[in-house]
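This report refers to the structure that appears directly beneath it.
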Amino acid sequence: MSISVFLAGCSVNSTENQNPGPEPLAGHALEHHTTDIPPDPGPVPSTVTETAWTWEGTPGTTIQAIHPTPSGALIELNNGLIGMDTTTGETTWSYLLPDSTDLEEDETDLALTPDGTIAAFSPGQTTVLLDTATGQEHQRIDHQTEGSDDLFTPTRLGLPHTTGNLTSTSDHDLHLTLTPWEHQDQDQDTGWETTLPGCDDGNNAIIEQGLLTDETAVIVHTCPTQDPALTGIDLQTGEQTWHLQQGDDYQPDENVYPIPLSPRKTDFFVSDDLLVLENISLQRGTVVIDTTTGDLITDDLPSTADDSLLRVFPNGYLNVVSNSSEHNKVRYELRDFDGSVRDTISTDENVARGSNHSFVLLEESLVKLRLTGEEKEQEIVVLEWGNDNDHRIPLNIELNTEDILNSDRLNREVGPMTFREVPGAVLLREFPRNDHTPRLTALR
């Protein structure tokens with residue numbers, strides 16, 4: 001059974017409150033609704049069997065990304081944020097700048113704390129901290145940082161954590177400071193500070209990237225004549241707990257398939273407590289590091305034309321294998337990091353027809369988009385681990401990716417940020433957005 005939820009603005013359920021006359025944000029009028037009773041969607045589904053509901057937003061807005069939170073999902077729009085009850089498809093809270101549907105071209109960015117409980121949203125020169133369960137505004141912090149995208153870095157607005165904000169300054173050395181949120185506007189010494197030494201040749205060290213887990217900050221820093229280095233910092237104490245140097249402690253595989261469009265020497269992502277180098281594309285890479293200990297788990301995950309790495313997960317990785325002896329067959333293998341195969345799916349090429357990059361990995365199944373019919377329409381195929389069973393789920397949103405010719409763009413448009421598992425459901429964004437009305441659908 002499918003339920004449609006249509007919105008002319010934002011939906012209001014029985015627990016949602018409109019804040020009277022909220023102060024404008026970054027020079028824009030603000031519509032702010034909160035909830036007193038956050039939803040409790042339960043765990044991520046172990047598999048899916050049907051379309052549960054479809055959400056439709058305000059014409060002229062777009063869905064930028066889907067973010068899992070403990071209370072369901074946060075939907076990032078080009079004019080603000082909404083909290084979603086993934087059980088019903090209702091909007092539980094909203095934080096919208098309704099007259100500003102071009103925010104993706106303005107000075108805006110969003111970052112969530114590692115546990116997903118706080119959203120740091122910055123349109124213009126103000127950062128607002130929101131509770132992702134209720135939508136309530138915790139704090140506003142003015143800043144002078146200009147530009148668009150990548151605002152939440154150590155060298156700009158900082159990296160938000162539940163305990164505070166991690167920022168950096170530099171001279172020859174790199175100085176990192178964690179400041180508790182309640183002391184952001186004060187000059188007194190609070191939190192902690194630690195220093196990473198500058199370059200041996202006298203050059204200034206540069207921070208390329210910063211990433212957070214619940215317990216650890218990982219700083220990716222470089223010197224002009226050296227490969228990148230990684231330093232792990234305990235977020236409670238500021239102690240530097242480990243250090244790795246590329247070339248000495250790990251070495252990315254440069255002969256990967258598919259060949260990346262651009263070199264990815266310092267692009268990492270965090271998957272629970274693991275750090276993964278994205279030297280292939282989004283959430284695909286051959287180097288995996290334990291962020292707690294700094295131990296190198298592997299730097300040689302296989303990715304060839306016949307054994308292609310699709311994505312890295314907290315407890316392993318997924319490859320698709322082609323074998324000349326298995327004509328017209330596709331085999332997906334879920335492997336441990338030592339290469340041992342934990343689970344497999346073998347199916348006909350016709351069943352798995354379409355891109356191997358648009359999928360969601362669940363405990364009992366692999367859920368992927370499948371091309372169907374001569375019109376290049378798509379449906380969902382659910383492939384069960386450990387057997388050849390599959391079933392199809394028709395989609396009530398449009399998906400047409402035939403004009404996307406590279407995996408990098410496919411990952412951005414119908415990939416890990418727009419087709420993903422969240423507590424209570426699997427959510428998928430419509431693409432392309434022909435009538436400029438945002439839609440997403442829930443599988444359960």
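What you see below is based on every heavy atom in this structure, not just the backbone, and it leaves out hydrogens, waters and symmetry mates. None of the values given here were measured: they were computed from a predicted structure.
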**Asked** Would T126 and D142 satisfy side chain to side chain donor-acceptor pair (under 3.5 Å), going step by step from the backbone distance to the final call?
**Response** CA-CA 4 Å; T126 301; D142 293 329; 3.2 Å; yes
**Request:** Before giving the answer on side-chain contact (heavy atoms from CB on, under 4.5 Å), spell out for F419 and V426 the whole-Å C-alpha distance, their side-chain angles and the decisive distance to 0.1 Å.
**Result:** CA-CA 7 Å; F419 182 23; V426 171; 3.7 Å; yes
**Message:** One pair to check against side-chain contact (heavy atoms from CB on, under 4.5 Å): Y317 and V288. What are the steps and the verdict?
**Reply:** CA-CA 10 Å; Y317 62 101; V288 184; over 6 Å; no
**Prompt:** Can you list the steps and then say if V270 with D272 is a side-chain contact (heavy atoms from CB on, under 4.5 Å)?
**Reply:** CA-CA 6 Å; V270 166; D272 284 0; over 6 Å; no
**Message:** If you apply the rule side-chain contact (heavy atoms from CB on, under 4.5 Å), what do you find for T163 with L178, and how did you get there?
**Reply:** CA-CA 8 Å; T163 58; L178 183 81; 3.6 Å; yes
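At a cut-off of 3.5 Å, with distance as the only test, a side-chain donor of S365 or T47 sits close to an acceptor on the other residue. A donor and an acceptor atom, one from each side chain of E137 and Y95, are located under 3.5 Å apart. Checked by atom type, the side-chain pair S46/E364 shows a donor-acceptor distance below 3.5 Å. A donor atom on one side chain and an acceptor atom on the other are not found under 3.5 Å apart for T194 and H175. For the residue pair T34/Q136, the side-chain donor-acceptor check at 3.5 Å is not satisfied. Remark: the H357 side chain and the S355 side chain contain no N/O donor-acceptor pair separated by less than 3.5 Å. With 3.5 Å as the limit, one finds a donor-acceptor pair spanning the side chains of H221 and T231. Between the side chains of D201 and T225, at least one donor N or O lies within less than 3.5 Å of an accepting N or O. When only modelled atom types and interatomic distance are considered, N356 and Y332 share a side-chain donor-acceptor pair under 3.5 Å. With hydrogens and angles left out, the side-chain atoms of D338 and S340 include a donor and acceptor closer than 3.5 Å. Side chains of Q378 and T401: a donor-acceptor N/O pair is present below 3.5 angstrom, by distance only. Of the N and O atoms on the side chains of H33 and S94, at least one donor lies less than 3.5 Å from an acceptor on the other residue. Looking at Q64 and T62, their side chains do bring a donor and an acceptor atom within 3.5 Å of each other.
Listed for the D295 side chain is no donor-acceptor partner under 3.5 Å among the backbone atoms of I297. Using a distance-only test at 3.5 Å, with no hydrogens or angles considered, a donor-acceptor pair links the side chain of S168 to the main chain of P154. Between the D249 side chain and the L296 main chain, no donor and acceptor come within less than 3.5 Å of each other. In this structure a side-chain-to-backbone donor-acceptor pair under 3.5 Å is missing from D85 to T91. Under the 3.5 Å distance criterion, the side-chain polar atoms of W192 are matched with a main-chain donor or acceptor of L235. Remark: the backbone N or O of P45 is not paired with any side-chain donor or acceptor of E363 at under 3.5 angstrom. Proximity of a side-chain donor or acceptor of R370 to a complementary backbone N or O of V351 within less than 3.5 Å is detected. Side chain of D173 to backbone of P197: no donor-acceptor contact under 3.5 angstrom is found. Panel note: side chain R420, backbone P416; a donor-acceptor pair is recorded below 3.5 Å. The closest donor-acceptor contact from the side chain of R284 to the backbone of L309 lies under 3.5 Å.
The distance from atom CZ of F269 to atom CD of Q209, rounded to the nearest 0.5 Å, is 11.0 Å. Atoms CH2 and OG1, from W242 and T293 in turn, are 8.5 Å apart once rounded to the nearest 0.5 Å. We find the OG1-CE distance between T132 and M84 to be 14.0 Å, quoted to the nearest 0.5 Å. Note that CG of N203 is 8.5 Å distant from NE2 of H172, once rounded to the nearest 0.5 Å. The CG atom of L25 lies 10.5 Å from the NE2 atom of H32; values are rounded to the nearest 0.5 Å. Rounded to the nearest 0.5 angstrom, I280 CD1 and L277 CG are separated by 9.5 Å.
The existence of a salt bridge linking D307 and R331 is excluded, since no basic side-chain nitrogen approaches an acidic carboxylate oxygen closer than 4.0 Å. With respect to E349 and R353, no salt bridge is recorded, no charged nitrogen being found less than 4.0 Å from a carboxylate O. E398 and R439 are not joined by a salt bridge, as no carboxylate oxygen comes within less than 4.0 angstrom of a charged side-chain nitrogen.
Counting only heavy atoms from C-beta outward, the side chains of E333 and R342 never approach each other to under 4.5 Å. Between P438 and E430, every side-chain heavy-atom pair lies at or beyond the 4.5 Å cut-off. Looking at I289 and L274, their side chains never come closer than 4.5 Å, going by heavy atoms from C-beta outward. For the pair K329/T347, no side-chain contact is recorded, criterion being any heavy-atom separation below 4.5 Å from C-beta on. Two residues are said to be in side-chain contact when any heavy atoms from C-beta on lie closer than 4.5 Å; L176 and E193 fail this criterion. No side-chain heavy atom of T61 sits under 4.5 Å from any side-chain heavy atom of L96. Here the side chains of T86 and R444 are not in contact, with every heavy-atom distance at 4.5 Å or above. Considering only heavy atoms from C-beta on, T162 comes within 4.5 Å of D115 through its side chain.
The shortest non-hydrogen separation linking L362 to W385 is O-NE1, 3.3 Å. Nearest approach of T291 to T216, heavy atoms of both residues: O-CG2, 3.4 Å. Smallest separation of non-hydrogen atoms from P114 and D214: CB-OD1, 3.4 Å. Closest approach of L77 to W55, counting heavy atoms only: CD2-CH2, 4.3 Å. L443 and I393 make their closest contact through CD2-CG2, 4.2 Å (heavy atoms, listed as atom of the first residue, atom of the second, distance).
The only option from D299, D300, D253, N279 that meets the side-chain hydrogen bond (donor to acceptor under 3.5 Å, both in side chains) definition with T286 turns out to be N279.
Within a 6.0 Å radius of CG in D200, no more than 12 heavy atoms belonging to other residues, nucleotides or ligands are found. Within a 6.0 Å radius of CD in E215, no more than 12 heavy atoms belonging to other residues, nucleotides or ligands are found.
By the 6.0 Å and 45° rule, R311 stacks over the aromatic ring of F359.
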